[in-house]
Amino acid sequence: MPDMKAIFAANREWARSMCESDPDFFNRLVSQQEPEHLWIGCSDSRVPVNQVAGLQPGEAFVHRNIANIVSIDDLNCQAVIQYAVEILGVKYIVVCGHYGCGGVLAALRGQATGLIGDWISSIVALREQHATTLAALASEAERHDRLCELNVIEQVRCLSETEAVKTAWSRGQALRIHGWIYSIRDGLLKDLHASIDGPLGG
Ligand code: CO
């Protein structure tokens, strides 16, 4: 990791280059933020949201945690969702997982203890729910990949059941939830075709 001096130097250079290419850039951002996307991703340092999705500052409202989990009991995540949907009026929510996720691997192996063990317990439950599918796969690497995908699909479902999202749909607000996965092997995003734009079963 670069030392602190290098980070500040890089920051000054970035701000300078942004002003050079678009003199009004910071003035526009100061006055308001109007992102169309809420992005829920993993805290993993290899998945920098704006870079991998080609989004500029101001274009995505972001929430990240270990293994991109959406929990009804997580006040932080729920407040982010409410703010994004009700105040910012985002049109899309993307849950983006990634292959090679350490949180998912810990759940697959049943290894994590303490706070992290508590945090990923819902993925351990998901592993049990899909035990037959996972057992049919030939290797741990394939089981890991599949559980990363299943986790994204499950979080899309959880999002569709949050109060803010259900309320938005009930008042006719256009809001679509997508489930994507990112590969740290080649830098590419993949759509898991788990999109939802209204209440499940209704
Ligand atoms: Co991860």
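Just so you know, ligand 1 is whichever comes first in the structure, and atom 1 is the first atom listed for that ligand. For this chain, numbers begin at 1 and follow the sequence in order.
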Report summary line: Given the options Gln111, His144, Arg143, Leu105 meets side chain to side chain contact (heavy atoms under 4.5 Å, CB included) only with His144
Would you be so kind as to tabulate the donor-acceptor pairs closer than 3.5 Å made by side chains of residues 62-70, with sequence neighbours excluded?
from  : atom 1 : to    : atom 2 : distance (Å)
His63 : NE2    : Asn65 : ND2    : 3.3
Arg64 : NE     : Cys42 : O      : 2.8
Arg64 : NH2    : Cys42 : O      : 3.3
Arg64 : NH2    : Asp44 : O      : 2.7
Arg64 : NH2    : Val47 : O      : 3.0
Asn65 : OD1    : Asn68 : N      : 3.2
Asn65 : OD1    : Ile69 : N      : 2.8
Asn65 : ND2    : Ile69 : O      : 2.9

Show every donor-acceptor pair shorter than 3.5 Å between a side-chain atom in residues 132-140 and any protein atom, with sequence neighbours excluded, or say none if there are none.
from   : atom 1 : to     : atom 2 : distance (Å)
Ser139 : OG     : Glu142 : N      : 3.2
Ser139 : OG     : Glu142 : OE2    : 3.3
Glu140 : OE1    : Arg109 : NE     : 3.4
Glu140 : OE1    : Arg109 : NH2    : 2.8
Glu140 : OE2    : Arg109 : NE     : 2.9

**Report entry** Within 6.0 angstrom of Leu115 CG, more than 12 heavy atoms from elsewhere
**Finding:** no
Query raised in the report: How many N, O or S atoms of the protein are nearer than 2.8 Å to the Co ion (ligand 1)?
Result: 3
Report summary line: dist Tyr99:OH -> Arg146:CZ (nearest 0.5 Å) comes out at 8.5 Å
Report task. Provide the full list of side chain to side chain donor-acceptor pair (under 3.5 Å) pairs with a residue in residues 173-188, sequence neighbours left out, each pair given once. Result -> Asp145-Arg185, Arg171-Gln173, Arg176-Asp197, His178-Ser195, Ser183-Asp186
